[in-house]
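Beneath this line is the structure, given in structure tokens, with notes to follow.
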Protein chains: 2
Amino acid sequence: MATAIIKNRKQQIHHTAKNLFRERGYAATSMRHIAGELGIEAASLYSHIKSKEEILQLICFELAEQFLKSSEELQRKKLPAKELFKQAVTEHIRIITQNMDSSVVFLHEWRHLSEPFLSDFKLMRKRYENFYKNILKAGAEEKKFQIRDEKLTLFVIFSAMNGIYEWFTPNGKLQPEEIAEQMVEVFLNGILKN
Amino acid sequence: MATAIIKNRKQQIHHTAKNLFRERGYAATSMRHIAGELGIEAASLYSHIKSKEEILQLICFELAEQFLKSSEELQRKKLPAKELFKQAVTEHIRIITQNMDSSVVFLHEWRHLSEPFLSDFKLMRKRYENFYKNILKAGAEEKKFQIRDEKLTLFVIFSAMNGIYEWFTPNGKLQPEEIAEQMVEVFLNGILKN
DNA sequence: CATCCTAACTAACGGTCGTTAGGCAAATAT
DNA sequence: ATATTTGCCTAACGACCGTTAGTTAGGATG
């Protein structure tokens with residue numbers, strides 16, 4: 001089937017783009033570069049995609065939707081704060097480790113989106129941040145969490161989770177589940193012996 | 001004095017470049033852009049600087065040296081691990097918050113350095129990481145820290161500290177000293193009430 | 001077999017990139 | 001007063017950018 005070939009090529013292009021955008025950044029990656037990796041001419045890419053930015057949009061919003069979807073599913077479970085927190089961190093880390101290239105692009109290259117996509121993206125990110133903020137709030141209300149500054153705590157957690165791409169290797173000894181478990185342990189109890 | 005004017009202009013260029021490199025990224029910032037901010041032509045920049053990359057080099061290595069210098073001074077103090085850890089985090093956060101633009105460039109744009117600068121830079125970063133790794137090691141040997149995976153713990157801490165630029169506002173209610181204090185508290189004891 | 005469609009090609013577009021050369025007016029030094 | 005230096009200018013270089021137009025070979029479809 002013809003459409004299947006197209007879809008495959010389109011997927012190949014997206015895959016290559018994710019990789020190059022991650023490695024060199026969106027602005028420093030040219031269409032000729034992407035095409036070269038696939039052994040075709042830059043102009044040929046336009047049989048499959050609309051523009052360079054369209055690729056970026058797809059990467060950013062695909063991941064944003066994954067994060068939001070997982071947060072909505074977790075919210076429906078009506079778990080106590082501590083358990084919700086554990087599962088949320090685990091889910092977040094699962095998504096990141098399963099989409100390493102996309103994640104880095106998602107985290108750092110979204111600023112090259114043009115309007116209205118840029119605003120939409122920021123809004124989705126804010127929604128997701130609020131999901132975590134509410135977990136912290138709930139934990140504090142349940143007298144389970146002790147939080148001095150909510151924003152600081154929130155971003156300590158996000159930064160630690162989102163920084164995973166800096167050191168994670170898919171075939172290393174630490175697998176996503178264990179990373180999540182250990183990270184939760186650090187967030188909840190710290191590194192001090194008692 | 002003529003050299004004073006040059007130095008000032010050079011500093012202005014560096015200052016503007018730091019700001020634009022942070023805001024738009026190195027690759028997406030053009031010399032014409034930097035010049036435009038200063039009200040001159042792009043070609044005129046070359047009376048003061050050698051190349052675009054030279055600016056990036058200066059930003060990256062200036063900060064790398066600050067981090068290393070502060071780590072060497074702390075090491076000379078021969079403090080117990082927990083106290084050393086506190087002071088190291090405080091110093092790191094001080095440097096970041098005092099150099100917000102440079103920090104973001106330092107953290108994300110170094111990959112656009114060409115050789116041999118790229119390798120030199122990575123080496124300096126590794127040295128600094130080892131300083132922190134040794135603090136964790138020392139804390140574990142003193143039976144003060146409980147660390148499951150050293151690399152994971154190390155990068156949780158680094159990511160949290162380096163992510164400060166995502167949310168810090170110089171005139172907000174949280175000042176660097178207090179951020180450091182609260183972050184140390186989270187790292188050491190976590191957010192769980194006991 | 002004739003027709004259509006796909007995925008690639010070549011050629012080229014207007015534009016921007018970092019950088020160099022050469023000149024010129026004002027400031028500084030002698 | 002003269003000579004030198006400075007800080008900018010204009011013009012231009014070759015290279016590369018994202019993208020469009022038009023074409024063509026070859027496979028799928030009738």
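So you know, we letter chains A, B, ... as the sequences are listed, proteins then strands, and number each from 1.
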Going through the checks in order, is the salt bridge (charged side-chain N to carboxylate O under 4.0 Å, His left out) test met by B:R127 and B:E72? CA-CA 11 Å; B:R127 270 211 290 152; B:E72 282 156 13; 3.6 Å; yes

Only pairs at least two apart or in different chains count here, so list each ring pair (Phe, Tyr, Trp, His ring centres under 6.0 Å) that has a residue in residues 175-194 of chain B.
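Pairs touching residues 175-194 of chain B that pass the test: none.
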
Any donor-acceptor N or O pair under 3.5 Å, side chains [X], [Y]:
X	Y	answer
A:Q87	A:E83	yes
A:E166	B:S159	no
B:D101	B:H15	no

Can you measure [X] atom [atom1] to [N] atom [atom2] for me and round it to whole angstrom units?
X	N	atom1	atom2	result
B:L56	C:dG18	CG	C1'	14 Å
B:I55	C:dT19	CD1	C1'	13 Å
B:K10	D:dG7	NZ	P	11 Å
A:R24	D:dC16	CZ	P	13 Å
A:E53	D:dC17	CD	C1'	15 Å
B:H33	C:dT16	NE2	C1'	13 Å
A:R9	D:dG27	CZ	P	16 Å
A:Y46	D:dG18	OH	P	7 Å

(Q) Is there a side-chain contact between B:S30 and the phosphate of C:dC17, meaning an N or O under 4.0 Å from OP1 or OP2? (A)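 Answer is yes, contact under 4.0 Å.
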
Practice problem: Would you indicate, yes or no, if C:dA8 has its OP1 or OP2 atom less than 4.0 angstrom from a side-chain nitrogen or oxygen of A:H48? | Solution: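 For C:dA8, OP1 or OP2 has a side-chain N or O of A:H48 closer than 4.0 Å.
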
I want to verify a distance call: between [options], whose nearest atom is closest to the [X] side chain?
X	options	result
B:A42	D:dT20, C:dT19, D:dG7	C:dT19
A:I40	C:dC9, D:dC9, C:dT19	C:dC9
B:K52	C:dA7, D:dT20, C:dG18	C:dG18

Item to complete: Taking all heavy atoms of A:I96 and all of A:M161, pick out the closest pair and write down the distance.
Response: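 Shortest heavy-atom separation between A:I96 and A:M161 comes out as CD1-O, 3.7 Å.
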
Heavy-atom contacts, protein to nucleotides 10-15 of chain C, under 4.0 Å, summarised as B (base), S (sugar-phosphate only) or - (none) per nt, yield BBB---

| request: Could you tell me which residues satisfy side chain to side chain contact (heavy atoms under 4.5 Å, CB included) with B:S119, sequence neighbours excluded, listed by chain and number? | output: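 Only B:E115 meet the side chain to side chain contact (heavy atoms under 4.5 Å, CB included) criterion with B:S119.
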
